[in-house]
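To keep things clear, I will list the structure first and then write my remarks on it.
Each chain gets a letter, A, B and so on, in the order the sequences are listed, and its residues count up from 1. Atoms considered below: every heavy atom in the structure, side chains included; atoms not considered: hydrogens, waters and symmetry mates.
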There are 2 protein chains.
Amino acid sequence: MTTRRTGLREQKKQATRVALREAALRLALQHGPDNVRVDDIAEAAGVSPRTYNNYFSSREQAIVAAVTAERESRVAAALAARPARTRLADALTEAILEQYTEPRDHEALLLITTSPTLREAFLDAAAAVEHPLAAAIDQRLGDTGTPVARVLAASVAAAVRVALQQWLQPPAAPLTAGGLVVPSGSLPDLLRSALAALAPALDAAEEQAQQRPRR
Amino acid sequence: MTTRRTGLREQKKQATRVALREAALRLALQHGPDNVRVDDIAEAAGVSPRTYNNYFSSREQAIVAAVTAERESRVAAALAARPARTRLADALTEAILEQYTEPRDHEALLLITTSPTLREAFLDAAAAVEHPLAAAIDQRLGDTGTPVARVLAASVAAAVRVALQQWLQPPAAPLTAGGLVVPSGSLPDLLRSALAALAPALDAAEEQAQQRPRR
DNA sequence: GCGCAAACTTGCGTGCACGCAATATTTGTT
DNA sequence: AACAAATATTGCGTGCACGCAAGTTTGCGC
C-alpha cells in the first residue's frame, strides 16, 4: 500500500528527482546559490529544463530538497512507530527531534543560512509535514474525522517552523535592549521548547479521544 | 507611534496600494482571473508595471489583498482592545471572529473560490496575522521575550488557515465512506472549533504568565 | 509478442518577478 | 527658499514558471 504505483515508472521518477536535487545542491555549493541557472541543473541531471520544472517549482525548492528530502513523511512514520500508550505530546516531540537532529549535510545548511531566499524555502519545506502528520495524529486520536487533528498538525508544523527560524537566524545584532532575547540555543532545545507550548493542547485532545470509544 | 513615517509620502503610498488592489479585483471580476495581465492592473492604477511589483509580488496577491486588506493588523488591534482580564483564548477567538465574520465583498469571495491559485493566495494571506498577533499575545503574557508567544501566534494562524481551508473547500465529493466528514459548516463555527483545539495551550501559557511577576 | 491506453518528457510561447541603475519626488535643515 | 539626504518610481534586462500540444516511454490485457 506504500507504493501503489507499479515499478519501473515510479523508480525512474524517483531517480530523476534525486538526480535533480543533488545536482542542484552540488552546483549551488560549487558556484554559489545565485550563480546556478535552472538550465544547468537540468543539464547536470540529464533532463530537459521543462522536465526539471515538473519536479520542482523553484530553484530554491530543488536545492533545499536535497537536505529536507523525505523528512516530512518520516516524521509521520516515526510518530506511528511510537507505542500507542505514550503521551501524544512526548511521542511527537521525540519523533520530530529524531528527524531534525540527525546531523544532515552541514555544509549545505551553512549555504542555506547564507541566502534569504534559501532560508525561506527551507522554512516552507517544513510545512510539508502537515499532511502526513495530520493523518498520523488523527489515527492516534482514533480516526475522529474531526478537523482537530488537522489543526494540531498544522500547529505543530508552525511550531517547528518557529524553532527553525530562530535557529537559522544569525545571532546578528547585539541583543535588543534588556537582554531579553536569548542567543538561540541548540536546535533540539529550540524544538523542545517550541513544542512544549503546544503540549497542553495535545494532552487535551488525547484525553478527549480516550473518553470516546475507539473505532 | 502608529505611523512613524511622516505624511505625504506614506499617504501616497497607501493610495497607490489601494488603487492597485482595487484595480486588480475589479479587472479580475470583469474579465476573469486568468484574463488579467499585470500591465493592465498597473495601467488601471496609473503606475508603471515595475512599480506594481514593488507593492505586490504576484498577481494573485494583489487581487486577494482587496479582500483581506489590513485584516491582519486589525486582529491584533482587536485583541489588544479586549480587557486584559478576559481569558486569552476567549479574547483571541472573539477578536478573530470579529474580523473574519464581517461580510466582506461576497462577489469577490466567490471569485476566489473559483481559482485554485487564488484560494492558495487567500490562505497565504491569513499567515500575515502571525507577526502582529505574536506581539499582541506577548504583551498579554507580560512581554516575556520568550518565543512562546510566537509559537502560539503561529499556531493560531495555522488554525485559522485550516478553518478557512475547510470553508473554501467546495462541498464537492459525496462524502467519504462512513459519513465522517462534516459538510463544512459556517465560517464562524469552523473558526471557533479550530481555535478550541488550541485553547488548552493558550490557557496554560496564560497561567504561567500570571505566576510570573508582570513587568 | 502486439497494440492500445495511460503516464512521462520535451519544446515552444507567454507573462511574470525582480535586480540594478538612473531619475524623480519628498523631507528635514540651514 | 534652496539644498542635500532619503526614499519612490521607472525602464531595461535576465532568468524563470507553467500551460499547451506534440512526441516518447511504460504498463497491461490479449
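- Rounded to an integer number of Å, the gap from D34(A) CG to dC16(D) P is 11 Å.
- What separates CD of E43(A) from C1' of dT10(C) is a distance of 15 Å, to the nearest Å.
- K13(A) has its NZ atom 15 Å from the C1' atom of dG27(D), to the nearest Å.
- Among the protein residues, F56(A) comes within range of no part of the nucleic acid, since none of its heavy atoms lies under 4.0 Å from any strand.
- Between F122(B) and L109(B), some side-chain heavy-atom pair lies under the 4.5 Å cut-off.
- Take the nearest nucleotide of DNA chain D for S58(A) and for P49(B): the residue whose nucleotide is more 5' is P49(B).
- Between the CD atom of E60(B) and the C1' atom of dA17(D) there is a distance of 12 Å, rounded to whole Å.
- Of the candidate nucleotides dT9(C), dC16(C), dT10(D), dC16(C) has the atom lying nearest to any side-chain atom of R59(B).
- Between F56(A) and R21(A) the shortest side-chain heavy-atom distance falls below 4.5 Å.
- In this structure, the side chains of Q14(A) and E10(A) come closer than 4.5 Å at one or more pairs of heavy atoms.
- Listed pair T51(B) / dT10(D) meets the phosphate criterion, a side-chain N or O lying under 4.0 Å from OP1 or OP2.
- Closest approach to the S57(B) side chain among dA17(C), dT10(C), dC18(C) is made by dC18(C) (side chain taken as heavy atoms from C-beta onward).
- The environment of CD in E43(A) is sparse: at most 12 heavy-atom neighbours from other residues, nucleotides or ligands sit within 6.0 Å.
- Axis deviation across the helix from dG1(C)-dC30(D) to dT30(C)-dA1(D) amounts to 30°, comparing end segments of five pairs, rounded to 10 degrees.
- Regarding Q14(A), its CD atom lies at a distance of 14 Å from the C1' atom of dC8(C), rounded to whole Å.
- Rounded to whole Å, the distance from CG on N54(A) to P on dG11(C) is 12 Å.
- Closest to the D39(B) side chain, of the nucleotides dC8(C), dT10(C), dC16(C), is dC16(C).
- Y52(B) comes within 4.0 angstrom of sugar-phosphate atoms only, judged by non-hydrogen atoms across all strands, and of no base.
- Counting to the nearest Å, the P atom of dC8(C) and the CZ atom of R17(A) are 11 Å from each other.
- Under a cut-off of 6.0 angstrom, the local environment of CZ in R37(B) is sparse, with at most 12 non-hydrogen atoms contributed by other residues, nucleotides or ligands.
- Here dT26(C) is the nucleotide among dT9(D), dT26(C), dC16(D) with the atom lying nearest to any side-chain atom of R9(B).
- Two residues are said to be in side-chain contact when any heavy atoms from C-beta on lie closer than 4.5 Å; L202(A) and R140(A) fail this criterion.
- Rounded to whole angstrom, the span from the CG atom of L20(B) across to the C1' atom of dC16(C) amounts to 16 Å.
- A donor N or O paired with an acceptor N or O is found under 3.5 Å between the base of dG19(C) and the side-chain atoms of R50(B).
- Taking the side chain as every heavy atom from C-beta outward, N53(B) and R50(B) approach each other to under 4.5 Å.
- In this structure, I96(A) and V160(A) have side chains that are in contact, with non-hydrogen atoms separated by less than 4.5 Å.
- Phosphate proximity of dA8(D) to K12(B): absent, as no side-chain N or O sits under 4.0 Å from OP1 or OP2.
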